[in-house]
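The block underneath contains the structure these notes are about, expressed in structure tokens.
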Amino acid sequence: MSGPQCCANPPTLNPTAGGGHVENLGGLNAYVNGSPHSKLAVLLVSDVYVYEAPNLRKLADKIAAAGFYVAVPDFLHGDPYVPNAGRTLQDWIKDHGTDKAFEEAKPVIQAIKSKGITAIGAAGFCWGAKVAVQLAKREFIQAAVLLHPSFVTVDDIKAVEVPTAVLGAEFDQISPPDLLKQFEEVLTAKSEVDGYVKIFPKVSHGWTVRYNVEDKSAVKCAEEAHQNMLEWFAKYVN
């Protein structure tokens, strides 16, 4: 369920990136942006490279500009995966289970709600998609978006209770198109929950946040996914 694609094109982390700021939210450091008076929020759950990735913060700023209060918690506690640093991805994952992050997300959501927020969407990238799908219950959030998900199973999709969109890649060894089509079948059969699955052609796992900013084609594909995500939240987080 994880492999080389999970770690391809690692970002250069920058703790000062973005137009927002870092504050403690529910016991975790979190990059936040957006109007404190907004009643709508989006929670972004990062991939294995944590919340200091410039492209992820740029996306958070874009969502904030659309009117949402945005939070990107550091569920990895300052310990992003570092390729070729002597620790395998499998060993790193043992120390950073998605179940733990799911539990840590609960007080974060409570802290967001305490600001007067009345509706929350959650988007998860790669590793973070597993956390987002676990949060896709009415008691936690109002809508979910899973982008090039890792570890997400058909059973996870069967259990969602809120509108859920899955944005996947044509070239993805972790969540290949065949699996994404199974997700689509499950969501289509859940008449009580709106669902949407889109497979982006000619892109690979991680394309929405680990793109090369100098590659116009890669930027365009990432921005298309970002727009699809924003449209999903605009429709269901209200």
Side-chain angles (χ1 to χ4, degrees), residues 5 9 11 18 33-34 38 40-47 53-72 119-136 141-150 152 156-157 160-172 174-188 190 193-213 215-238:
Q5 274 195 329
N9 305 317
N33 201 350
S38 177
L40 311 175
V42 171
L43 175 73
L44 299 183
V45 189
S46 77
D47 59 12
N55 284 354
L56 182 61
R57 290 194 174 186
K58 186 189 300 184
L59 176 56
D61 294 348
K62 184 188 296 187
I63 298 169
F68 295 93
Y69 175 82
V70 186
V72 193
I120 301 173
F125 306 82
C126 184
W127 176 92
K130 180 70 170 186
V131 181
V133 79
Q134 290 174 287
L135 288 171
I141 63 174
Q142 279 62 56
V145 180
L146 316 179
L147 302 98
H148 37 87
S150 294
V152 175
D156 288 328
I157 301 298
V160 302
E161 298 177 357
V162 301
T164 299
V166 183
L167 306 181
E170 178 182 2
F171 305 115
D172 194 330
I174 301 160
S175 291
D178 284 349
L179 179 60
L180 298 174
K181 289 172 183 174
Q182 291 180 54
F183 292 170
E184 185 174 37
E185 290 172 3
V186 170
L187 289 169
T188 300
K190 289 173 72 73
V193 174
D194 283 351
Y196 174 69
V197 175
K198 181 175 180 178
I199 300 173
F200 285 71
K202 301 179 182 178
V203 298
S204 300
H205 183 89
W207 93 96
T208 68
V209 285
R210 299 209 295 270
Y211 57 89
N212 180 351
V213 296
D215 184 335
K216 291 183 179 179
S217 176
V219 171
K220 183 179 179 181
C221 289
E223 289 182 343
E224 181 181 345
H226 300 164
Q227 186 60 34
N228 290 160
M229 179 182 66
L230 269 172
E231 289 167 355
W232 194 257
F233 288 143
K235 183 175 182 179
Y236 293 107
V237 180
N238 49 53

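Below, all heavy atoms of this structure are taken into account, side chains as well, without hydrogens, waters or symmetry copies.
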Checklist entry - Should Ile174 and His148 count as side-chain neighbours, where that means a heavy-atom distance under 4.5 Å? => result no
Next on the checklist: Determine whether a donor-acceptor pair (N or O, by modelled atom type, separation under 3.5 Å) exists between the side chain of Glu170 and the backbone of Lys202.
Outcome noted: yes
Checklist entry - How far apart are the closest heavy atoms of Lys198 and Glu224, and which atoms are they? => result NZ-OE2, 2.7 Å
Checklist entry - In a check of side-chain contact (heavy atoms from CB on, under 4.5 Å) between Met229 and each of Leu146, Thr208, Leu59, which one passes? => result Leu59
Item to check | Exercise: identify the closest heavy-atom pair between Cys221 and Phe200 | outcome: O-CE2, 4.2 Å
Checklist entry - Where do Leu135 and Ile120 land on the side chain to side chain contact (heavy atoms under 4.5 Å, CB included) test, with the steps shown first? => result CA-CA 11 Å; Leu135 288 171; Ile120 301 173; over 6 Å; no
Item to check | Side chain proximity check, Phe183 to Val186, heavy atoms < 4.5 angstrom | outcome: no
Item to check | Considering all heavy atoms, the nearest Phe68-Ser38 contact | outcome: CA-OG, 4.1 Å
Checklist entry - Can you check side chain to side chain contact (heavy atoms under 4.5 Å, CB included) on Val213 and Lys58, steps first, answer last? => result CA-CA 11 Å; Val213 296; Lys58 186 189 300 184; 3.9 Å; yes
Checklist entry - After noting the C-alpha distance and the side-chain angles of Leu147 and Val209, does the key distance pass the side chain to side chain contact (heavy atoms under 4.5 Å, CB included) rule? => result CA-CA 9 Å; Leu147 302 98; Val209 285; over 6 Å; no
Checklist entry - Closest approach of Leu44 and Leu56, non-hydrogen atoms and distance? => result CD1-CD1, 4.2 Å
Next on the checklist: Go through it in stages, so that I can follow the logic: the residues are Val160 and Leu187, the test is side chain to side chain contact (heavy atoms under 4.5 Å, CB included), and I'd like the CA-CA distance, side-chain angles, deciding distance and then a yes or no.
Outcome noted: CA-CA 9 Å; Val160 302; Leu187 289 169; 4.0 Å; yes
